[in-house]
Amino acid sequence: MTQNSPPLVLPSGLSRAIAALQDKDRHRLDDAVTRLHTVNGRLWDTEDRVRGALLSAAQVADCKREIDQLNAERNVLAERADEVLGSLADAGRADAPLHTETLASVVDRLSVLTLRIWHTERAAARDELARRRVPALHGQREELCAALDALVSDVVSGRRRLPVLARFKLYGRDDVAPAEIKPSRHLRRVLAFGGLSECGKSTSAEFVQRTCGAQRLKIGFLLRQAAHREGLADPYALSARRQAELLLGELNRFADAHVDTWLFTIESVHDDASIAELKQLMGDTLQLVYLDASFAVRVERSGTPAQAVAAKDEIKMSRGAHQVAALADHVIDNTGSIAALRARLRRIAAPPATTALRVATPYGLGLPAAVASATADFSDTVRAYSPGVRLAALTGSPGERSWIAGWSDLDLLVIAEHEAIGRVHKALEQYRTALGGAASLGPTLVTPGELTAQRLTPRVAFVLHQLQQGSPVLHAASGLELPTTSRDELALTAVRELPQVILTMRRLRADAGPTTLRQLYKHLVLACRLVLREHNQWESGPDRILAAASRMPGLTVLSVPCLAEISSAWRDGDTDRALKPLVAAVDQFLTWYAAQLAA
């Protein structure tokens with residue numbers, strides 16, 4: 001409905017027939033008829049506009065295009081209404097007389113007549129001829145309502161048949177009816193940010209761009225691009241539906257030109273009508289995010305006088321910006337901490353997914369009997385804490401079946417609600433006691449909120465990726481949701497993690513000796529693994545990682561003893577035979593790495 005337009009009231013007979021329909025059909029019909037009446041109101045306004053004020057040739061052309069588009073929408077909606085209204089007819093009377101038009105056509109005429117009465121009554125205050133027409137128009141409406149009710153009665157009873165509903169109208173094209181535009185297959189996810197002034201729309205979009213690799217776009221830019229492409233002078237003068245189609249067309253072009261981009265953001269949503277149409281075209285591909293904050297908070301954040309913020313709000317609200325909240329998929333109260341906002345944004349941008357994980361007993365991980373027994377007791381304990389404890393897994397060498405007694409740690413990942421962490425601590429104490437000196441335990445405790453907000457170290461992100469690729473877990477609660485981390489994302493985290501690994505390796509190299517052999521070796525393997533990950537190589541196991549790294553461009557073979565020899569030397573206290581070649585390999589790698597960055 002256009003602003004201040006009259007509602008469409010259906011006659012009583014038709015209303016009773018509609019009430020007998022199933023809920024889904026009744027809702028579908030209500031939506032189609034309401035939108036049909038709204039389109040008719042916009043058509044009236046557009047036709048008034050093109051006949052009234054002095055317009056440029058370009059503006060007249062825009063109005064004509066809008067009229068064509070609205071007429072196309074009008075016919076689509078009438079056909080949609082007829083799909084439901086046609087079910088009222090009694091299909092058993094094939095010999096009944098055929099009526100000249102469908103029920104939706106009569107409803108469409110009733111909509112236009114309702115608008116004509118309303119506009120005539122408004123003009124009657126200043127136009128005597130208009131005043132004289134008002135009673136006649138009301139009489140026409142009464143006659144049309146009576147005729148419509150009589151037609152409904154005849155159709156329901158089978159005394160009259162309805163014609164085929166398809167209109168086959170062609171508006172704005174010479175050969176075919178306009179096809180509804182659909183999202184490109186490359187347009188996988190779009191976040192549209194709305195809200196009033198200084199609510200955090202731009203800040204939020206920038207965060208999603210920086211952390212999720214989103215392509216950030218402005219709605220105004222997209223509309224201007226579309227207008228330039230189609231020769232439109234003013235896209236904002238077009239119907240809400242047409243604006244939505246222009247926006248989707250530009251989004252499709254961007255997506256098709258950037259096929260590796262899985263996420264787009266658009267801002268700022270100030271028009272509830274056009275974004276509602278865009279949502280209908282895109283479905284769940286488009287997620288509307290409305291950022292809410294009190295006026296006082298927004299004034300404080302802006303650093304400008306309250307009057308300035310209020311003035312901006314008034315402009316946005318006149319376009320329906322505040323009504324976007326009712327349409328939004330996500331409404332965020334942005335009066336709290338930045339951490340809370342960013343956590344919510346990460347969950348919206350990259351929703352976690354329920355993951356089917358491979359659960360294995362500790363006895364199948366190649367662990368010594370004593371270690372496996374202690375691990376099984378720990379698994380039973382935390383399983384009893386479910387759902388507070390969501391997951392427990394040994395990571396690294398046990399998952400790769402390369403665990404070596406006296407050399408390897410037991411790296412343990414536990415995902416647990418914050419309230420359950422205290423009980424996990426007690427279970428870990430019992431686990432350490434049961435292990436005795438058989439293994440060193442290295443637990444990592446993470447909450448589900450940290451996971452879904454993706455507040456993760458690169459190492460934890462990589463571990464989660466391995467678990468989703470099939471590495472075994474000791475315990476996983478049903479319905480566990482984990483963030484999905486792609487290999488491309490892991491390659492980027494490798495770039496961020498590698499500098500710290502290099503710095504630590506240089507420190508260990510400066511203190512190279514029997515006590516640092518194990519740590520120096522593990523950091524060399526980790527550095528090589530991260531470099532390989534940058535090159536999209538995904539080796540596992542220290543020996544294979546070092547061999548693959550030796551084939552990197554410009555890096556000669558790293559002559560490091562195999563893991564079995566290194567670990568044996570460590571356990572036997574005979575580190576001299578392993579330390580010298582290891583230090584040489586570390587120096588060789590560090591020299592190569594420095595040369596790569598100096599080029």
Side-chain angles (χ1 to χ4, degrees), residues 1-5 31 34-35 38-39 41-42 73 183 187 189-209 214 216-224 226 235-251 263-299 301-302 309-336 340-342 344-345 347-349 351:
M1 293 272 292
T2 56
Q3 189 175 12
N4 297 323
S5 292
D31 176 70
T34 301
R35 290 178 57 199
T38 299
V39 167
R42 290 175 179 163
E73 291 179 44
L187 192 62
R189 192 168 181 81
V190 179
L191 304 186
F193 289 99
L196 296 179
S197 305
E198 310 299 337
C199 65
K201 299 183 295 293
S202 297
T203 301
S204 297
E206 182 181 4
F207 172 76
V208 173
Q209 178 189 40
R216 186 180 172 195
L217 299 167
K218 298 282 190 178
I219 289 178
F221 168 76
L222 293 173
L223 282 175
R224 288 193 300 273
Y236 295 99
L238 301 175
S239 71
R241 182 71 169 196
R242 183 60 176 140
Q243 289 184 45
E245 290 179 340
L246 293 174
L247 283 172
L248 180 53
E250 289 304 306
L251 285 170
L263 178 64
F264 290 82
T265 67
I266 56 176
E267 54 182 288
S268 299
V269 180
H270 294 155
D271 180 358
D272 62 317
S274 61
I275 203 66
E277 295 287 354
L278 186 61
K279 178 68 175 175
Q280 186 180 56
L281 290 171
M282 296 183 65
D284 289 339
T285 301
L286 175 66
Q287 293 290 294
L288 301 180
V289 182
Y290 187 86
L291 293 152
D292 196 19
S294 68
F295 180 72
V297 168
R298 293 187 288 112
V299 169
R301 286 176 179 170
S302 71
V309 177
K312 292 180 181 178
D313 281 353
E314 187 174 347
I315 294 172
K316 290 178 171 60
M317 291 173 71
S318 70
R319 300 169 181 163
H322 59 302
Q323 295 174 336
V324 174
L327 306 171
D329 300 284
H330 313 275
V331 177
I332 300 178
D333 179 6
N334 190 19
T335 58
L341 171 65
R342 290 177 172 176
R344 184 76 183 276
L345 290 172
R347 293 187 188 101
I348 293 170

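Below, each value reflects all heavy atoms present in this structure, side chains not excepted, and no hydrogens, waters or symmetry copies.
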Which residues pass the side-chain hydrogen bond (donor to acceptor under 3.5 Å, both in side chains) test with Arg347, not counting sequence neighbours? Thr452
Salt bridge present between Arg242 and Glu73 (N-O < 4.0 angstrom): no
Regarding Arg216 and Glu267, does a basic nitrogen lie under 4.0 Å from an acidic carboxylate oxygen? yes
State, to 0.1 Å, how close [X] and [Y] come at their nearest heavy-atom pair, and which atoms those are.
| X | Y | value |
| --- | --- | --- |
| Lys201 | Gly195 | NZ-O, 3.3 Å |
| Ile315 | Ser318 | O-OG, 2.5 Å |
| Ala293 | Arg301 | CB-NH1, 4.2 Å |

Quick one: are Asp313 and Arg298 in side-chain contact, heavy atoms under 4.5 Å? yes
Derivation and outcome, side chain to side chain contact (heavy atoms under 4.5 Å, CB included), residues Glu198 and Val299: CA-CA 7 Å; Glu198 310 299 337; Val299 169; over 6 Å; no
Show, in sequence, the C-alpha distance, side-chain angles and deciding distance for Gln209 and Thr265, and conclude whether the side chain to side chain contact (heavy atoms under 4.5 Å, CB included) test is met. CA-CA 8 Å; Gln209 178 189 40; Thr265 67; 5.7 Å; no
Are the side chain of Lys218 and the backbone of Leu222 linked by a donor-acceptor contact shorter than 3.5 Å? no
Yes or no on side chain to side chain contact (heavy atoms under 4.5 Å, CB included) for Leu281 and Leu247, after CA distance, side-chain angles and deciding distance? CA-CA 10 Å; Leu281 290 171; Leu247 283 172; over 6 Å; no
Full working for side chain to side chain contact (heavy atoms under 4.5 Å, CB included) between Leu345 and Phe193: CA-CA 11 Å; Leu345 290 172; Phe193 289 99; 3.8 Å; yes
Check residues 285-292 and write down every donor-acceptor pair under 3.5 Å in which the side-chain atom is one partner and the other belongs to a residue at least two apart or another chain.
| from | atom 1 | to | atom 2 | distance (Å) |
| --- | --- | --- | --- | --- |
| Thr285 | OG1 | Met282 | O | 3.4 |
| Gln287 | OE1 | His330 | NE2 | 2.8 |
| Gln287 | NE2 | Asp284 | O | 3.1 |

